[in-house]
A.B. asks: 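If you scroll down you'll find the structure; I have some questions about it.
Proteins come first, then strands; the chains are lettered A, B, ... in the order of their sequence lines, and each starts at number 1.
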Number of protein chains: 2
Amino acid sequence: MAAAMQVVDTQGAGAFSMRALGAFLECDPTAMYRHFTGKNALLDALVDSVVREGAATLPETDDPRADIRENFRQLRRSLLAHPTLAPLVLRRPPGVGAYWERSDHAVAQLHRAGMDPVDAANVYQTLLFYTLGHTLSEARQLARAVEREGAGAEGGPVAAVRPPEDRHPDLSDVAPHLRDDNEAQFLAGLDLILRDLPR
Amino acid sequence: MAAAMQVVDTQGAGAFSMRALGAFLECDPTAMYRHFTGKNALLDALVDSVVREGAATLPETDDPRADIRENFRQLRRSLLAHPTLAPLVLRRPPGVGAYWERSDHAVAQLHRAGMDPVDAANVYQTLLFYTLGHTLSEARQLARAVEREGAGAEGGPVAAVRPPEDRHPDLSDVAPHLRDDNEAQFLAGLDLILRDLPR
DNA sequence: ACCTGAACACCGTTCAAGT
DNA sequence: ACCTGAACACCGTTCAAGT
């Protein structure tokens, strides 16, 4: 799996193949079928390991809102560390499986902040889907750079919108306020969703 | 393109190939290279057509909030109409290109409701990324069904969470409140983000 | 138990050749 | 202008054979 992740990170998930992994490990491409049922299972395992990354050490301070922020911030960072792999999280149902610890932590903090279960369920799901949408979009732009120039390339802002001004006047008005800093923009969305968390 | 969409919808985007399209059109698989630079360009065109679907006829009533809801509700429905194609929206930068009309409409309604440009930019992006995250997650579950049973299959709820109760007590508390109705759940998230839209 | 290598049924794309 | 068909360099996966 470590080798597979290395191939994915350096060549991109698109160039990852059983044959490429075999070449990297200097073994026959079919040897992996002893250890994984196939390419899909291997990729699923990689994705799950990324989602689980750091989920066991999520903070629990006296500020539940900050702890929730940190939870999703960390999920974002883990996914962005492997931009070409990130879109494959959609292969797994969200919120279950590898997400257990993370989900439980987020819901626990919402509960701790005095939110009732109905609101907590709603807020939790909105946070998760927002994070996935934002992060996968950003990852795609990053991935484009990786696939062109190899590992370590940099991507531009996720939404540097420059619409044709004459045809879309309203959009042109807000365009300057779409932040260049993707992380700040991401956190602003989290805060919007968490805006009236009790206390 | 119509033929390509038909192949994608019936066989699934995973089974879509130049050779499959050639067989469907009863022509040589390489004939398409006269009309599209390659498979990627063809898929991008399909994705753009889905994103643009209905964007020209978005409502503009005296209730801006309802109009925004309808905008994203419609984007969700268009994407879910082609569940195996939906994840490929990530191939295109969000909010630009095929999104122009849709983005401009949403921002115009936020503006019309009295929101200042900074907040409008933040709310708009949060709505878009939330919608993408929610919809692509739902589409994947639907796609699984399509690929197993062919077109027209039904998927389950996007998040019927049944966590191991002993290990994740907080999550178990909210699980019953995660709605089975995916559309209702989706709209609840939109309303959460739009919660204090002026007027 | 684990690895090898041939084989099968596929891919996207290019290019010379046809009409 | 458009289509064909051979060809190239790839895929994932299976299976009999080895150690």
A.B. asks: Kindly write out the residues that satisfy side-chain hydrogen bond (donor to acceptor under 3.5 Å, both in side chains) with A:Ser172, not counting sequence neighbours, or none if the list is empty.
C.D. replies: none
A.B. asks: Among pairs that include at least one residue of residues 78-101 of chain A, which meet side-chain hydrogen bond (donor to acceptor under 3.5 Å, both in side chains), considering only residues two or more places apart or in two chains?
C.D. replies: A:Asp9-A:His82, A:Asn40-A:Arg91, A:Asp44-A:Arg91, A:Asp48-A:Arg92, A:Glu53-A:Ser78
A.B. asks: For residues 13-30 of chain A, which residue pairs pass the side-chain hydrogen bond (donor to acceptor under 3.5 Å, both in side chains) check, not counting sequence neighbours?
C.D. replies: A:Asp28-A:Thr30
A.B. asks: Supply the atom-to-atom distance B:Leu192 CG to A:Asp119 CG, rounded to the nearest 0.5 angstrom.
C.D. replies: 8.5 Å
A.B. asks: Mind checking side-chain hydrogen bond (donor to acceptor under 3.5 Å, both in side chains) for B:Glu60 and listing every partner two or more places apart, or none if nothing turns up?
C.D. replies: none
A.B. asks: Can you name the residues that form a ring pair (Phe, Tyr, Trp, His ring centres under 6.0 Å) with A:Phe186, not counting sequence neighbours?
C.D. replies: A:Tyr130, A:His134
A.B. asks: Which comes earlier along DNA chain D counting from the 5' end, the contact point of B:Arg19 or that of B:Glu26, where each point is its nearest nucleotide?
C.D. replies: B:Glu26
A.B. asks: I need the residues from residues 27-41 of chain B with at least one non-hydrogen atom less than 4.0 Å from DNA chain C; give them sorted by number, or say none.
C.D. replies: B:Thr30, B:Tyr33, B:Gly38, B:Lys39
A.B. asks: A:Gln6: what forms a side-chain hydrogen bond (donor to acceptor under 3.5 Å, both in side chains) with it, not counting sequence neighbours?
C.D. replies: none
A.B. asks: Looking at residues at least two apart in the chain, or sitting in another chain, which of them share a side chain to side chain contact (heavy atoms under 4.5 Å, CB included) with B:Leu110?
C.D. replies: B:Ile68, B:Met115, B:Ala120, B:Val123, B:Tyr124, B:Leu194, B:Leu197
A.B. asks: Mind checking the P distance from D:dA9 to C:dA9? Whole angstroms is fine.
C.D. replies: 22 Å
A.B. asks: Please map the stems of DNA chain D, keeping only stretches of three or more Watson-Crick or G-U wobble pairs with both distances under 3.5 angstrom.
C.D. replies: C:4-8 with D:12-16, C:12-16 with D:4-8
A.B. asks: Which is the 5'-most and which the 3'-most nucleotide of DNA chain D that has an atom under 4.0 Å from a heavy atom of chain A?
C.D. replies: D:dC11 to D:dT14
A.B. asks: Mind checking what makes salt bridge (charged side-chain N to carboxylate O under 4.0 Å, His left out) contact with B:Arg195, not counting sequence neighbours?
C.D. replies: A:Asp196
A.B. asks: Not counting sequence neighbours, which residues clear side-chain hydrogen bond (donor to acceptor under 3.5 Å, both in side chains) with B:Asp191? List them please.
C.D. replies: B:Arg69
